[in-house]
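Just below is one structure, and these are the notes that go with it.
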Amino acid sequence: MTLSYDDWLAGGRRVRLPRLGHAVFVRLDGPADGPVVTLLHGFPTSSYDWAGVVPALTAAGRRVLSLDFLGFGESDKPSRHRYAITEQTDLVEEVWQLEGIDRSSVVAHNYAVCVAQELLSRAGDGPAAVTVDRVVFLNGGVYPDLHQPLRVQRLLRSPAGPLLARVLSERVLARSLATICAQPLEPTVVHDLWRAVSGRNGKATYHRLLHYIDDRKISGERWVSAMESADVPLSFVWGPQDPVSGGHVLTRLRERLPGAGFAVFDDVGHYPQLEAPERVGPALAGLLGDR
C-alpha cells in the first residue's frame, strides 16, 4: 500500500451532507480539470482499499473521488440504522452535487456493485443530474444467484449477529481476508483495514451493514437488468480465485456481456486492488480511457 491509513485520512475530509443528515469521509486526488472517476468500496472496509491504485489514475490525468459509505471507515456509523443500498446511492449523488460534479465514471467493488447497478437503473429511468460515463466492476455479487457469502457473513445475519459483531477482532478479519484473497496481504495493511472497520464504534453496527444482501434479494432482478441493458460502456476487473464471486461469475459475465471490457488477473482473488495494485491501477486507467 502506498499510503498508511493515517496518511489516507489526512488527504481527505469529513463533510456533512444536509439531505443525508450525517457526515461522510471524502477525498479528492489528481488534477482539478481532469475527468472524474468515483471509486466505491466494498464490505466491510472503506475507501482506503483504493489507496494503491489512485496514483496510476491520477498519473493518467484523472480527478479521483473516493468516499466512505455511511457506516464504513471514517463516515458516521449511526446505531440502529437501516443501511440501505438506495440510501448509499443517494449519498453518492449528494457528494457529487456537493463537489460540483456533473459527470463521472464509476469504479465499484463488492458491496458497491449494488450501488453502481442502482445508479444504472436510475439512469435508465430518465435524465439524471450526473452523467455516468462508464462503469468498471471489480469482484462482487453482480448476479445475486451466484453469490456465495462467507460463513461469518451468514452468522452475522442470524439472530446472533449483534453479539458476534461485538466480539469480532483483527484476527477474525485477517482470517476472512486470507480465505478470499489469493495473494497474501501485508499485516500492516490488514491492521489499517481493521482500523477502518472498527473505528467510530464500527463493531456495534458491523452486522447491520449486511442489509445489502436483503436489498439484493428485493432489487436484484432490476439491478441485473439495468447492468445488462446499460447504454454506457461496462468493464470488469476480476480475480478468478475469489471463492465468493470469482471465476463462476466471470463465466456468466463473458456469456451475457461479450462486448464489455475485461482485465482478468488469474492469480488474484476477491480484492484485486489490494492484492495486485501495481497491476490493477494501470488496468483501470486503461479501461477508463484517455482523458
Side-chain angles (χ1 to χ4, degrees), residues 3 5 8-51 53-54 57-58 62-78 81-123 125-138 140 196 199-200 202 205 209 211-212 215 223 226 232 273 284 288:
L3 292 176
Y5 188 54
W8 179 256
L9 297 182
R13 70 195 195 284
R14 275 170 46 89
V15 296
R16 178 161 290 277
L17 303 181
R19 291 201 304 273
L20 182 69
H22 292 286
V24 300
F25 176 80
V26 177
R27 179 181 169 116
L28 282 162
D29 291 277
D33 63 344
V36 177
V37 55
T38 302
L39 306 180
L40 303 178
H41 68 83
F43 171 90
T45 46
S46 74
S47 60
Y48 181 60
D49 295 353
W50 302 109
V53 304
V54 167
L57 297 176
T58 58
R62 293 278 167 176
R63 181 69 162 167
V64 182
L65 169 65
S66 312
L67 57 85
D68 289 349
F69 288 121
L70 188 68
F72 295 80
E74 283 299 299
S75 292
D76 285 351
K77 299 177 178 178
H81 190 82
R82 180 179 178 273
Y83 290 94
I85 290 297
T86 51
E87 183 184 47
Q88 303 287 24
T89 310
D90 293 341
L91 180 157
V92 174
E93 293 180 327
E94 191 169 356
V95 170
W96 280 340
Q97 181 182 38
L98 181 72
E99 299 296 341
I101 293 168
D102 60 6
R103 64 187 316 122
S104 176
S105 295
V106 173
V107 177
H109 172 245
N110 180 269
Y111 177 95
V113 305
C114 298
V115 175
Q117 289 175 323
E118 175 66 21
L119 285 168
L120 289 173
S121 179
R122 293 182 184 188
D125 292 338
V130 176
T131 299
V132 175
D133 292 321
R134 174 184 290 274
V135 178
V136 182
F137 294 94
L138 282 74
R200 297 189 176 273
T205 57
L209 303 180
H211 190 277
Y212 79 98
D215 288 342
W223 288 342
V232 301
Q273 72 274 45
L284 284 173
L288 290 168

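Throughout, residue positions are numbered sequentially from 1 according to the sequence presented. Bear in mind the structure is a predicted one, so any value in this text is a computation, not a measurement.
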- Query: So do T205 and Y83 actually touch side chain to side chain, heavy atoms under 4.5 Å?
  - Reply: yes
- Do E93 and R122 sit within salt-bridge range, that is, some charged N less than 4.0 Å from a carboxylate O? yes
- Message: For H41 and F69, take the angle between the two ring planes, folded into 0 to 90°, and tell me which bin it lands in: parallel under 30, tilted 30 to 60, perpendicular over 60.
- Response: tilted
- Task: Measure from the side-chain N and O atoms of R62 to the backbone N and O of L288, and report whether any donor-acceptor pair falls under 3.5 Å.
- Result: yes
- Message: For T38, run the side-chain contact (heavy atoms from CB on, under 4.5 Å) check against L65, V64, V95, V132 and tell me which one passes.
- Response: L65
- Query: Taking the side chain from T89 and the backbone from I85, do they hold a donor-acceptor pair closer than 3.5 Å?
  - Reply: yes
- Could you tell me whether a side-chain N or O of D102 sits under 3.5 Å from a main-chain N or O of V130, the two making a donor and an acceptor? no
- Message: I'd like to know if the side chain of T131 and the backbone of D133 have a donor-acceptor N/O pair within less than 3.5 Å.
- Response: no
- Could you tell me whether the side chain of S46 reaches within less than 4.5 Å of the side chain of Y5, counting heavy atoms only? yes
- Salt-bridge present (R13, E99; N to O < 4.0 Å): yes
- Across all chains, not counting sequence neighbours, the side chain to side chain donor-acceptor pair (under 3.5 Å) partners of Q97 are R19
- Message: Can you confirm whether H109 sits close enough to F137 that some side-chain heavy atom of one is under 4.5 Å from a side-chain heavy atom of the other?
- Response: no
- Note on the structure: Sorted by chain and residue number, the side chain to side chain contact (heavy atoms under 4.5 Å, CB included) partners of R200 (sequence neighbours excluded) come out as R14, E74, K77
- Between S47 and D68, is any side-chain donor less than 3.5 angstrom from a side-chain acceptor? yes
- Query: Looking only at side chains, do Y212 and Q88 share a donor and an acceptor under 3.5 Å apart?
  - Reply: no
